[in-house]
Amino acid sequence: MRHWLMKTDPDDFAVDNFAKLPRKTTAWTGVRNFQARNYMKEMAKGDLALLYHSSCPEPGIVGVMSIASARAYADPTQFDAASKYHEPAATPDAPRWFLVDVKLERKTELVPLEALRAVPALSGMMILRKGNRLSITPVTDPEWKALEKLLR
DNA sequence: GCCAACGTTGGC
DNA sequence: GCCAACGTTGGC
């Protein structure tokens with residue numbers, strides 16, 4: 001099983017939004033970056049992913065999710081002319097953007113960005129690297145073990 | 001294929 | 001709101 005970290009702007013979708021969803025599951029729409037898309041294609045059902053709030057007053061980890069679809073599939077918003085995620089070049093036969101379903105396993109206490117930076121074992125984490133903007137990144141096994149100790 | 005211009009991300 | 005960093009676009 002692999003581990004991941006997925007960012008969201010809580011103004012768009014926050015950890016508390018899961019509470020009102022059936023089975024606390026949602027399709028992770030709107031990823032429009034090829035590298036992040038490719039990571040989603042590598043995901044398998046049951047993989048665990050940390051949920052991270054970004055672009056907000058208190059950036060940090062706020063929950064643990066599991067991948068709930070068997071594999072990545074076409075993001076329907078790319079075909080929707082009314083959506084801000086519309087992709088004119090994409091067709092159902094040749095989709096450009098993909099997504100997975102994610103299920104909230106548990107909400108955690110906020111683990112702030114500054115707390116992540118304070119852990120030596122996490123110094124190589126992709127989201128802590130200068131200039132990182134990828135919204136979906138893999139988490140290594142050693143990093144995951146160190147992160148688990150921070151979750152309450 | 002290069003690269004400047006532009007748009008977006010995201011912490012502060 | 002600022003700004004550094006990065007990805008994408010488009011002219012050539």
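Please read all numbers here as calculations on a predicted model, not as lab measurements. Letters go in sequence order (proteins before strands), and every chain restarts at 1.
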- Base, sugar-phosphate alone, or nothing: which one does A:Ser54 contact when heavy atoms must sit under 4.0 Å apart? sugar-phosphate
- Classify the nucleic acid contact of A:Asn33 as base, sugar-phosphate or nothing, counting any heavy atom under 4.0 Å across all strands shown. sugar-phosphate
- Residues in salt bridge (charged side-chain N to carboxylate O under 4.0 Å, His left out) with A:Arg37, at least two apart? none
- Walking along DNA chain C from 5' to 3', note the first and the last nucleotide with an atom under 4.0 Å from a heavy atom of chain A, and give both. C:dA5 to C:dT8
- For atom CD of A:Glu58, decide whether the heavy atoms of other residues, nucleotides or ligands shown that lie under 6.0 angstrom number more than 12. no
- Under 4.0 Å between a Lys/Arg side-chain N and an Asp/Glu carboxylate O for A:Lys45 and A:Asp101? no
- Task: Output the rest of the hydrophobic cluster of A:Leu122: all Ile, Leu, Val, Met, Phe, Trp and Tyr residues reachable through side-chain heavy-atom contacts under 4.5 Å, sorted by chain and number.
- Result: A:Met1, A:Leu5, A:Leu48, A:Leu50, A:Tyr52, A:Ile61, A:Val64, A:Val111, A:Leu113, A:Leu116, A:Val119, A:Met125, A:Ile127, A:Leu128, A:Val139, A:Trp144, A:Leu147, A:Leu150, A:Leu151
- Query: If only atom types and distance count, is the side chain of A:Thr91 paired as donor or acceptor with the main-chain N or O of A:Ala94 below 3.5 Å?
  - Reply: yes
